[in-house]
Number of protein chains: 2
Amino acid sequence: MTALSDHRTAIRPTMADVAAEAHVSVKTVSRVVNHEPGVRPDTAERVRAVIERLGFRRHDGARMMRQGRTFTIALVVEDLANPFYSQIGAAVEREARIRQHQLITASAEGSPTRERAVIEALVNRRVDGIVVVPADESASSDAAVEASQTPIVYMDRPVRGAPRDTVLSDNHGGIRSAVEHLVAHGHRSIGLFGDDPAFWTARQRREAFVATHQSLGLPGSPRVSMGPHSPTSVRESLTRWTQGTDATTAVITGNNRITIALLLALRDLRLPLSLVGYDDFELADLVDPPVTVVHQDPAAMGQKAAQQLFARLLGDESPAQTVVMPTRLVVRGSGLRRGPASR
Amino acid sequence: MTALSDHRTAIRPTMADVAAEAHVSVKTVSRVVNHEPGVRPDTAERVRAVIERLGFRRHDGARMMRQGRTFTIALVVEDLANPFYSQIGAAVEREARIRQHQLITASAEGSPTRERAVIEALVNRRVDGIVVVPADESASSDAAVEASQTPIVYMDRPVRGAPRDTVLSDNHGGIRSAVEHLVAHGHRSIGLFGDDPAFWTARQRREAFVATHQSLGLPGSPRVSMGPHSPTSVRESLTRWTQGTDATTAVITGNNRITIALLLALRDLRLPLSLVGYDDFELADLVDPPVTVVHQDPAAMGQKAAQQLFARLLGDESPAQTVVMPTRLVVRGSGLRRGPASR
DNA sequence: GGCAGGCATGACAGCGTTGTCTGACCACCG
DNA sequence: CGGTGGTCAGACAACGCTGTCATGCCTGCC
């Protein structure tokens, strides 16, 4: 009589326990907990007192199940420790939090297989939506995922197959601004150290580099070295490029890691080389000279992606949209022309 | 007759749908889905075929509810974009993933109130356990949380109240190694730039600094300037400290941000100052001279915390444990004695 | 032929909540 | 005094799954 679930009461009280204790029905407890109208103030007060006394907490799992939504979104990236992704994560989490949702983060470690498994698990949990930085261009367009109506927004890289909302960075514009900056400072022979062409973004940046090179009518054929790169591999190309009459006077590095590899290589080589790095990095202005970079805004991208996702959750049925986020050239000095005599 | 939930079938098939289609009971479908024994191979095959055809996915929410566990753990930190926390996040996620659990990450933005709200929401979700880097020393020891039997592991900072598993970094040892390193290189007048004493770790490091100062019998009273710090505030103290006969010749910076502030200040000041920074940072060896640091290993800490949490989930009932993770002095050059003539 | 014992399968309840519907009660009005 | 309408409260089912228990069938053995 005292409780519907005597032994469990000690563990974790349910609405039934509260109801029994307060001599009301379970439904009335539910109404009080959810601030629904139609409960007399004194009844509500009595229920609240019992809730307090028993330490009752609503079981959101049961609630979700009943309501068919989980108030959860997920973020799937390659590696959470990577600042690019963690900034995205922070932004997405923020958007989720202000909408009373929670965020599940998962790393796929760059493996399409793992990514598929992770997404499937998320779909099985019935997360309300997913933001994915896809491991490869075909990875997630899995039949199962397609079939599940779970809204997905892709980031940073597009995915083939059924069109989905996608948030990209303006790789082309970023590279163009870098090249133009260097040209404006008198450089004519510019090299590119790109990342592994397995990455879509790396290919994009290479294409943009070549295209800009041509559209600006720069002499010679564009010098490009695609990664993966180490300080050693960078040094090798550099020594080759800086010989002869058309010596390279400036380089663009295709991402963060390569920028660092280049800086390490430069420290030994002591070449009068100008530089624009793709991706901003924390200490860019502590290096000597401070490094001019193409700044992408991962936080803004993450925010945008989350916002797009939530629009879908709220019923937006418009056709899938691709947003290209602008980049910004942050001029710090390393892009200036430096004669051998300087410094 | 064809299905228990006709209209919903189009949306998302359930075991009941599969069962009806395969002419078996729901329980048999369950058995097949979960690879339980006791199903004839041909029956299983038939069920699998239907599952495939309908695109059935088990609803994990329902499963969790039935089983009373969510296969979910949570991580609560101040700011996911901060590398220290994101490295922890990556490590915790990894431990969770290899145990078939998922990770909910939440930022409390340094506010104890928000932290409490976040944790309460997680408890309501019945996450199986929580790793928390607490915003303050009393924050999470909330009655509600205490009452919920949810296992919690604290990281980086201890929390007053009922003892809980805690993973700390060896602040004392880290500072001591830094001071000893500087002393070994001939420094006698060493200053500390600590963070805001509101942070437990900042206070710890200050205490350790003072204690080491005394135990090594260094002359004079220890010079300490607690934060928050900016390049300006650092420069101010520096100019004061480096005058007179007992001029400070080396400083220790209490964390990452302060190290950077100091480097910025030094760039203008051009003082022959030695430095050991607390916390490693990405480009520490690209700065000139490369910065010697006390390295904490956030990934190892996160891993340890997650492992401790999972031990509890597996039924470990031993008394709460506090683990202190070692730090490591990474010598890169900035700690060496530098006369005014050098460079 | 009868029965023990094993195997394959199913019926049913229940996890904790909420949506729907029904009902009790009271006040007010013509 | 009967009818209308509003307010508060409860009964019940359902969300989709799994644990427990029951059932039916077949095999093998005495």
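Protein chains get the first letters and strands the later ones, always in sequence-line order, with residue 1 at the start of each. None of these values were measured; they are calculated from a predicted model.
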By salt bridge (Lys or Arg N to Asp or Glu O under 4.0 Å), which residues pair with [X], not counting sequence neighbours?
X        : answer
A:Arg40  : A:Asp42
A:Arg31  : none
B:Asp156 : none

My understanding is that only residues two or more places apart in sequence, or in another chain, count here; which of them pass side-chain contact (heavy atoms from CB on, under 4.5 Å) with [X]?
X        : result
B:Glu78  : B:Tyr85, B:Arg157, B:Phe199
B:Arg63  : B:Asn34, B:Arg58, B:Asp60, B:Gln67
A:Ala44  : A:Val32, A:Val39, A:Arg48
A:His101 : A:Arg69, A:Phe71, A:Ile73, A:Ala96, A:Arg99, A:Asp128, A:Phe310, A:Leu313

Short N-O contact, A:Arg97 and B:Glu109, less than 4.0 angstrom: yes
A:Arg116 and A:Glu120 ion-paired at < 4.0 Å: no
Could you give the [atom1]-to-[atom2] distance, from [X] to [N], as a whole number of Å?
X       : N      : atom1 : atom2 : result
B:Met64 : C:dT17 : CE    : P     : 17 Å
B:Arg12 : D:dC17 : CZ    : P     : 11 Å
B:Ile51 : D:dC17 : CD1   : P     : 10 Å
A:Asp60 : C:dT17 : CG    : P     : 9 Å
A:Arg69 : C:dT18 : CZ    : C1'   : 15 Å
A:His59 : C:dC15 : NE2   : P     : 11 Å
B:Asp17 : D:dC15 : CG    : P     : 10 Å
B:Arg57 : D:dC17 : CZ    : C1'   : 16 Å

Taking only N/O atoms, report every protein-nucleotides 11-14 of chain C pair under 3.5 Å with atom names and distance.
from   : atom 1 : to      : atom 2 : distance (Å)
C:dG14 : N2     : B:Arg66 : NE     : 3.3
C:dG14 : N2     : B:Arg66 : NH1    : 3.1

Selection residues 18-37 of chain B - residue pairs positive for ring pair (Phe, Tyr, Trp, His ring centres under 6.0 Å), sequence neighbours left out: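 Not a single pair qualifies under ring pair (Phe, Tyr, Trp, His ring centres under 6.0 Å).
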Rounded to 10 degrees, the angle between the two terminal axes of the helix from C:dG1-D:dC30 to C:dG30-D:dC1, each from five pairs: 70°
side-chain N/O A:Gln67 vs D:dC15 OP1/OP2, d < 4.0 Å: no
Any A:Ser30 side-chain N or O less than 4.0 Å from OP1/OP2 of C:dT17: no
Closest to side chain of A:Met65, choosing from C:dG16, D:dG10, C:dT17: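 The answer is C:dG16.
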Closest to side chain of A:Arg63, choosing from C:dG10, D:dC17, C:dT17: C:dT17
B:Arg126 vs B:Val24, nearer the 5' end of DNA chain C by closest nucleotide: B:Val24
By side chain to side chain donor-acceptor pair (under 3.5 Å) - contacts of B:Thr113 (at least two apart):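 For B:Thr113 there are no side chain to side chain donor-acceptor pair (under 3.5 Å) partners, ignoring immediate neighbours.
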Selection: residues 33-45 of chain A, any non-hydrogen atom under 4.0 Å of DNA chain D: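 Within residues 33-45 of chain A, the residues near DNA chain D are A:Gly38, A:Val39, A:Arg40, A:Thr43.
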Candidate pair A:Arg125 and B:Thr72, rule side chain to side chain donor-acceptor pair (under 3.5 Å), full reasoning: CA-CA 11 Å; A:Arg125 283 205 171 207; B:Thr72 308; 2.6 Å; yes
